[in-house]
Student: 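What follows is a single structure, and I will ask about it in a moment.
Quick note on labels: first sequence line is chain A, next is B, and so on, each numbered from 1. The model shown is predicted, which means the values in this text are computed figures rather than measured ones. Keep in mind that the numbers below use all heavy atoms, side chains included, and drop hydrogens, waters and symmetry copies.
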Amino acid sequence: MTILARAADRARSAREPRILETGRSSLRGPDRLARGLGWFSIALGVIELLGARRLARAFGMQGAEWLIRSYGVREIASGLGALSINPASGIASRIGGDGLDLLTLMAANCRTRKQRDNVELALLAVAGVSLLDLYCHQELSSLHQRRGTARDYRDRSGFPNGKPKLE
Amino acid sequence: MKALVWHGKQDIRCDRVSDPEIEDPRDAIIKVTSCAICGSDLHLFHNLIPAMLPGDIMGHEMMGEVVEVGSTAKNALRKGDRIVVPFTIICGECDQCKRGNFSVCERTNRKKALADKVFGHTTAGLFGYTHLTGGYPGGQAEYLRVPFADATHIKVPPQLSDEQALFLGDILPTGWQAAAQCDIAPTDIVAIWGCGPVGQMAIRSAMLLGARTVVAIDHLPERLSMAEAAGAITIDFMQDSVVGRLNDLTDGKGPDKCIDAVGLEAHVSPAQPDSVLDRAKQMLMLENDRPHVLREMIYVCRPAGVISVPGVYSGLVDKLPLGMAMNKGLTFRMGQTHVNRWTDDLLRRIEEGQIDPSFVITHTVRLEDGPEMYRVFRDKQDSCIKVVLKP
């Protein structure tokens, strides 16, 4: 039984059914991964918004704090998308963002010598997360897409005595 | 017992839970023989209607056999009776119940103070449909406690199967009320948005009530084929302009009566830019519902026409063209279904063979398969229109 369900029992009468044993969830692996990536995106976005100056210094990008902050806003928006009922759009937006991050970091790598180690580490991290985003998007699309050909229900009128006469 | 339990957004599980008990002399316990997943359960699945709590049992379409009866309920029910349970819990005694306004029963919502604050006035208690409507455990379970059971039941004649009777508890009277409150005249053209289970019932109800023409709007081929089976003219909104086609079909006058069997989760498509904006706002919690269908109905409905809304809306909507509706003199009818107001008549029609609601069932599975079927139904996979669960 989950902690939340136990806490919610306080809103129920004493003799109402209580969970004794929990079964398998309707949430599948890709859904859970999308949620994890959604929260990661929001956390990263907040860090980029609030710590733009420090990040700029760490990557040798002084003067581009505005860019880091705008990326923070983008991360939060993508995170909200990934936590929504159609997470594939949020993950797709993250994949686009990953591309922008990689380009920005590569540009920084060309410009700086002092912080090259930091930039290379960040490039590695973004590349790893990008792969995870791509995998998640592919799995989500495959899990939630409509499959097979639509059935024809034209034999189901629901009128055993025949259709009412229209015009 | 086993039950489908809500644990959070898109997280339904088939859990083992303790059995329900009689809590009040008016209660009864039923052994559920059939229950169904309703389109409005998906709003809870998506956590779009507030006040669900982890541990809540889902389900408000169910029927079964009475196995235990409280001392007062014995006046109306006996062990072994086979009953359909309406999704609205009714006392049968308050002023609203006496007027037949069962869905706004004044006594059965045990969380009345909360409902008073949110809705202005309380509505009836509902099974498995958030703590705003009482937080009553639902019927997607092996057993169910039916509060106010002496009034909250529909007895099923032995000659009817579960499949024929089950939908008397919700989607059949909901579709029927949607059509009935249109006051359909023999000259009327009735347009129905959404060919899900309620839309299908509304199509057939409009026909039984004598509409001249029924037009059904959706984009899923299996649903459109089921609408065609009843004799409706169909519009695929991904292929055609709804407004254009409706104007063509009505000599430019617009349909006399419009029914919204879609509600708060209208399809999102770049072809309908307002739906994309609504989706973004919904995601950012700036708007509760996606009212694309309401906007389209107000635009296309014939002046002095009726707009009937059985689709569920949860809260605030943006950019609703009320000025257009006012100037066209439209009448709005809406609400949760007053189930027991219609069931005697509908039961008779089923017995007489005028309608057999079992046509809508596309999937029958075990209760344990419920969590998976929520996903299949939501994703419109396998041509799924209506799922019946057998505990």
Student: What distance separates B:I57 CD1 from A:R18 CZ, expressed to the nearest 0.5 Å?
Tutor: 10.5 Å

Student: Tell me yes or no: between the side chains of A:H144 and B:R375, is some donor less than 3.5 Å from an acceptor?
Tutor: no

Student: At a 4.5 Å cut-off on heavy atoms, which part of B:E352 comes close to chain A: side chain, backbone, both, or neither?
Tutor: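 Answer is backbone: N, CA, C or O of B:E352 sit under 4.5 Å from chain A.
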
Student: Would you find a donor on one side and an acceptor on the other, under 3.5 Å apart, between the side chain of A:N161 and the backbone of B:G353?
Tutor: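 Checking the backbone N and O of B:G353 against the side chain of A:N161, a donor-acceptor pair under 3.5 Å is found.
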
Student: Please give me the minimum heavy-atom distance between A:R151 and B:S225, naming the atom from each residue.
Tutor: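 Scanning both residues completely, I find the closest heavy atoms to be O-OG, 3.8 Å.
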
Student: With a 4.5 angstrom heavy-atom cut-off, could you sort out which part of B:R349 is near chain A: side chain, backbone, both or neither?
Tutor: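 For B:R349, no heavy atom lies under 4.5 Å from chain A.
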
Student: Are any of the side-chain heavy atoms of B:R279 and A:I85 separated by less than 4.5 Å?
Tutor: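 They are in contact (side-chain heavy atoms under 4.5 Å apart), so the answer is yes.
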
Student: Taking the side chain as everything from C-beta on, heavy atoms only, tell me whether B:D15 gets closer than 4.5 Å to A:L20.
Tutor: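 The answer is no, as the side chains (C-beta and beyond) never meet within the 4.5 Å cut-off.
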
Student: Using atom types as modelled and distance alone, determine if a side-chain donor or acceptor of B:E368 lies under 3.5 Å from a backbone N or O of A:G23.
Tutor: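 Pair absent, no side-chain N/O of B:E368 close to backbone of A:G23.
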
Student: Sort B:P20 into side chain, backbone, both or neither according to what part of it lies under 4.5 angstrom from a heavy atom of chain A.
Tutor: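 Both parts, backbone and side chain.
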
Student: Compare every heavy atom of B:A229 with every heavy atom of A:K163, then report the nearest pair and how far apart it is.
Tutor: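 That closest heavy-atom pairing would be CE-O, 2.9 Å.
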
Student: Mind listing the closest non-hydrogen atom pair of B:Q354 and A:F159 along with its distance?
Tutor: O-CD2, 3.3 Å

Student: Can you tell me how far the CZ atom of B:R145 sits from the CD atom of A:E16, to the nearest 0.5 Å?
Tutor: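 If we round to the nearest 0.5 Å, B:R145:CZ and A:E16:CD are 6.0 Å apart.
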
Student: Tell me whether B:K380 contacts the main-chain N or O of A:Q145 through its side chain, where contact means a donor paired with an acceptor under 3.5 Å.
Tutor: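 Judged by distance alone, no pair lies under 3.5 Å.
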
Student: Pick one of side chain, backbone, both or neither for B:V268, based on which atoms fall under 4.5 Å of a heavy atom in chain A.
Tutor: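 Neither part, no heavy atoms under 4.5 Å.
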
Student: Hey, is B:D56 close enough to A:R12 for a salt bridge, meaning N to O under 4.0 Å?
Tutor: yes

Student: Quick check on B:E265 against chain A: is it the side chain, the backbone, both or neither that has a heavy atom closer than 4.5 Å?
Tutor: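 Side chain of B:E265 only, per the 4.5 Å heavy-atom cut-off to chain A.
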
Student: Does any heavy atom of chain A fall under 4.5 Å from the side chain of B:M373, the backbone, both, or neither of them?
Tutor: neither

Student: With a 4.5 angstrom heavy-atom cut-off, which part of B:F45 approaches chain A: side chain, backbone, both or neither?
Tutor: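 Side chain only.
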
Student: Which atom pair, heavy atoms only, marks the closest approach of A:P17 to B:M1?
Tutor: CG-CE, 4.0 Å

Student: Considering only heavy atoms, which portion of B:H131 lies under 4.5 Å from any heavy atom of chain A: side chain, backbone, both, or neither?
Tutor: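 Contact with chain A: side chain only.
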
Student: Looking at A:R10, I'd like to know if its CZ atom is crowded, meaning that more than 12 non-hydrogen atoms belonging to other residues, nucleotides or ligands lie closer than 6.0 Å.
Tutor: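 Open.
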
Student: If I measure from the heavy atoms of chain A, does B:R204 come under 4.5 Å with its side chain, its backbone, both, or neither?
Tutor: both

Student: With a 4.5 angstrom heavy-atom cut-off, is it the side chain or the backbone of A:R24 that approaches chain B, or both, or neither?
Tutor: backbone

Student: Side chains of B:H7 and A:T22: does their closest heavy-atom pair fall under 4.5 Å?
Tutor: yes

Student: Heavy-atom pairs under 4.5 Å with chain A are the metric here; pick the option from B:L220, B:L284, B:V5 that has the most.
Tutor: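 The residue among B:L220, B:L284, B:V5 with the greatest pair count is B:L220.
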
Student: Can you measure from OG (A:S13) to CG (B:D24) and round to the nearest 0.5 angstrom?
Tutor: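 Rounded to the nearest 0.5 Å, the OG-CG separation comes out at 11.0 Å.
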
Student: Taking side chain as everything from C-beta outward and backbone as N, CA, C, O, which of these in B:L144 sits under 4.5 Å from a heavy atom of chain A? Side chain, backbone, both or neither.
Tutor: neither

Student: Flag the pair A:R147 and B:D379 as a salt bridge only when some basic side-chain nitrogen lies within less than 4.0 angstrom of an acidic carboxylate oxygen.
Tutor: no

Student: Is any side-chain heavy atom of A:S26 closer than 4.5 Å to one of B:R13?
Tutor: no

Student: Do any of residues 27-44 of chain A come closer than 4.5 Å to chain B, heavy atom to heavy atom, and if so which ones, in number order?
Tutor: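 The stretch touches chain B at A:L27, A:R28, A:R35.
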
Student: Is A:R156 salt-bridged to B:E228, cutoff N-O under 4.0 Å?
Tutor: no

Student: Hey, which of B:Q10, B:M226, B:E21, B:H46 has the most heavy atom pairs under 4.5 Å with chain A?
Tutor: B:Q10

Student: Could you tell me which portion of B:K2 (side chain, backbone, both or neither) has an atom closer than 4.5 angstrom to a non-hydrogen atom of chain A?
Tutor: neither

Student: Just give me the residue among A:A150, A:S25, A:A8 that pairs up with chain B most often, heavy atom to heavy atom, under 4.5 Å.
Tutor: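 When all of A:A150, A:S25, A:A8 are compared, A:S25 has the most.
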
Student: With a 4.5 angstrom heavy-atom cut-off, could you sort out which part of B:I385 is near chain A: side chain, backbone, both or neither?
Tutor: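 Contact with chain A is through the side chain of B:I385 alone.
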
Student: For B:I355, which atoms come within 4.5 Å of any heavy atom of chain A: side chain, backbone, both, or neither?
Tutor: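 For B:I355, backbone and side chain are both near chain A.
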
Student: Between CG of B:D382 and CZ of A:R146, what distance do you get to the nearest 0.5 Å?
Tutor: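 So the gap between those two atoms works out to 10.0 Å.
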
Student: Contact between B:T362 and A:Y153 at the side-chain level, heavy atoms closer than 4.5 Å - yes or no?
Tutor: yes

Student: Considering all heavy atoms of both residues, which atom of B:S383 and which atom of A:T149 are nearest to each other, and what is their separation?
Tutor: OG-O, 3.9 Å

